[in-house]
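Since this is a predicted model, take the numbers as computed values, not measurements. In what follows, every chain begins at residue 1, and chains take the letters A, B, ... in the order their sequences are listed.
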There are 2 protein chains.
Amino acid sequence: NDIRIGIYGKGGIGKSVTAANLSAAFSELGLKVLQIGCDPKSDSTRNVVGRRIPTVLGVLRERGYTQEYELDDFVFKGFGGVTCVEAGGPEPGVGCAGRGILTMVETLEKLGLFEEEWDVTIYDVLGDVVCGGFAVPIREGYARTIYIVTSGEFMPLYAANNIGIGIARFGERGGARLGGIIHNARGAKDDAGVVSEFAERVGCTVIGDIPRSDLILKAETEMKTVIEAYPESDIAACFMDLAAQILENKDGVIPRMLSDEEIEELGKKI
Amino acid sequence: NDIRIGIYGKGGIGKSVTAANLSAAFSELGLKVLQIGCDPKSDSTRNVVGRRIPTVLGVLRERGYTQEYELDDFVFKGFGGVTCVEAGGPEPGVGCAGRGILTMVETLEKLGLFEEEWDVTIYDVLGDVVCGGFAVPIREGYARTIYIVTSGEFMPLYAANNIGIGIARFGERGGARLGGIIHNARGAKDDAGVVSEFAERVGCTVIGDIPRSDLILKAETEMKTVIEAYPESDIAACFMDLAAQILENKDGVIPRMLSDEEIEELGKKI
Ligand SMILES: Nc1ncnc2c1ncn2[C@@H]1O[C@H](COP(=O)(O)OP(=O)(O)O)[C@@H](O)[C@H]1O
Ligand SMILES: Nc1ncnc2c1ncn2[C@@H]1O[C@H](COP(=O)(O)OP(=O)(O)O)[C@@H](O)[C@H]1O
Ligand code: SF4
Ligand SMILES: [Mg+2]
Ligand SMILES: [Mg+2]
């Protein structure tokens, strides 16, 4: 299948919840899944593996950059056989925050991880800034299709717009395209209409609506996805649907993002 | 006086509300204030000047990097005579997101802005990543004392911890010190106790508590601070107090920040 997706969005918006549950959902559909955490917070795969795994950057820092390594040093299996990697990040203030991603793709390329026959590869990437290592999955085409997670609040939409600007910049030169918006209604003050309008104006659709769910938080305390912990629940069904939508989605676009004035106008409607 | 402070924190946490209202408060105390916006969102000074001012990077991009410029091309006066500058940022994906800050300090140094006799200089800086240009106010000592804005929620505290790690790294080699935590209770689910515990464990105090206030939002729609729009209000008094606290605060510390495990433990208490 070789479907390669990137999940981007503002910090705390729900990328890792989305990525981990999508990985679990894809594995339930019998697919071979690789999930790659690209946030220095390095907790993307925690609820798939059931614990925090060592990060690529962490292993290299601790055991040395010039050691002989194998894939097993960096790659761990979790629920449903999903294969998991975390890039990690440098100490704050030490060079580029996205450096972990650059180091990781280099390391995994050498060890042949990308040559294996993955049905789905999911990159879970910090989206507060779209530069340095964080732009790599978009720019270098590691991800073919980007899904931006947002709520109907101004700051996440502003971040979503910036991510789209990055996609529009790289998309034509072999970079990724925008597959759609994932609406994650995290809290009380959420305007779904504004999210739909945003998607429409940039030229894509809202491919999924994730409601606020206490089961997500409950499963999180058990270090599980809802697919694993509450497979019969509505929220699990929601992620299974989103997974199916993503598998069928052939519409990657080069989005036409909003100007500063336009995104502010949109923010006023909230 | 030459008090030089940096306001850092997660995107959307309330840095610009804090910085703008502090600038206005300091000017009410008769001080000569310079406010410098270091967030690519470039709206830090909007409520002081009453409109979005051109950014340094924006002016250079539009009119050319090698033109002859004067301070008036980049620097604008607002409420109470507060002098305002916005760094701006590059297009997402075009190099380092913090590049605007590097370009700005270079440009303003050449034009002698820092040689003027400021009583207070306030840097309002993006804190989602602590790297590249965003680390400059801390690392190069442009700011002497950093105040971190946070709420009692996990993501802002996680960002606060990362900012503190950056300060701890640079603080000893001529960089800035941590002056304290500013608690901005943005929303419903806010745990003030956790903010106090965080401050205590890293070795500083909560220097101010800003309650959620609709007047902040009302003043914002008029592009004003509450100091200007509602000077008799409790929230205006709150910022006047915070300004006084900051003026008296001589305790900059090199903080001892929390490890990943420790910040997660703290997060579980919320
Ligand atoms: N739909 C939702 N319902 C309830 N809680 C959610 C939802 N989406 C996210 N959360 C919670 O918000 C927090 C941040 O989510 P996370 O996926 O870690 O964000 P990110 O990876 O974007 O930084 C987590 O504690 C998560 O459980
Ligand atoms: N104490 C508060 N009460 C009400 N609204 C607030 C408060 N603090 C911040 N806000 C609102 O939150 C939004 C983000 O604040 P802002 O200062 O722009 O964040 P930052 O500069 O950290 O990105 C603004 O719309 C602001 O009016
Ligand atoms: S490129 Fe982005 S992540 Fe890297 S140093 Fe600059 S701001 Fe930080
Ligand atoms: Mg995450
Ligand atoms: Mg701001």
Side-chain angles (χ1 to χ4, degrees), chain A residues 8 10-13 39-43 46 52 55 58 88-99 126-136 138-139 153-156 158-159 161-171 175 186-189 220-221 257 260-261 263-264 267-268, chain B residues 8 10-13 39-43 46 52 55 58 88-99 126-136 138-139 153-156 158-159 161-171 175 186-189 220-221 257 260-261 263-264 267-268:
Chain A
Y8 274 77
K10 181 171 174 58
I13 196 60
D39 190 316
K41 213 175 2 134
S42 58
D43 60 0
R46 185 172 55 180
R52 263 175 166 283
T55 69
E91 272 246 323
V94 182
C96 185
R99 188 157 67 77
L126 177 150
D128 301 287
V129 291
V130 192
C131 47
F134 304 117
V136 159
I138 298 174
R139 196 180 59 224
E153 299 166 282
F154 179 70
M155 293 296 316
Y158 180 84
N161 197 53
N162 278 351
I163 294 157
I165 291 172
I167 296 169
R169 169 164 299 277
F170 300 127
R186 263 185 325 171
K189 287 188 104 263
E220 204 168 64
T221 59
M257 301 316 292
D260 271 348
E261 292 73 24
I263 193 80
E264 292 219 19
K268 292 202 178 110
Chain B
Y8 274 82
K10 181 169 174 59
I13 196 59
D39 190 317
K41 210 170 12 128
S42 57
D43 60 4
R46 184 172 55 180
R52 263 174 165 282
T55 69
E91 272 247 320
V94 182
C96 184
R99 187 158 66 79
L126 177 148
D128 302 288
V129 291
V130 192
C131 49
F134 304 118
V136 159
I138 299 174
R139 195 181 60 224
E153 299 165 282
F154 180 70
M155 293 295 316
Y158 181 85
N161 197 53
N162 278 351
I163 294 157
I165 292 173
I167 296 168
R169 170 164 297 278
F170 300 128
R186 262 185 323 172
K189 287 187 102 270
E220 204 167 65
T221 59
M257 302 315 291
D260 270 348
E261 292 71 23
I263 193 80
E264 293 221 18
K268 292 203 177 104

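Contact record, Asn162(B) with Pro92(A): O-CB, 3.3 Å, taken as the closest heavy-atom pair. The minimum heavy-atom distance linking Gly95(B) with Cys131(A) is given by the pair O-CB, 3.3 Å.
Among the candidates Glu153(A), Met155(A), Met257(A), the residue making the largest number of heavy-atom pairs closer than 4.5 Å to chain B is Met155(A).
To the nearest 0.5 Å, the span separating CZ on Arg52(A) from CG on Asp260(B) amounts to 5.0 Å.
Residue Arg99(B): no heavy atom, backbone or side chain, is found under 4.5 Å from chain A. Neither the backbone nor the side chain of Pro156(B) comes within contact range of chain A, judged by heavy atoms closer than 4.5 Å.
Listed for the Lys10(A) side chain is a donor-acceptor partner under 3.5 Å among the backbone atoms of Gly11(B).
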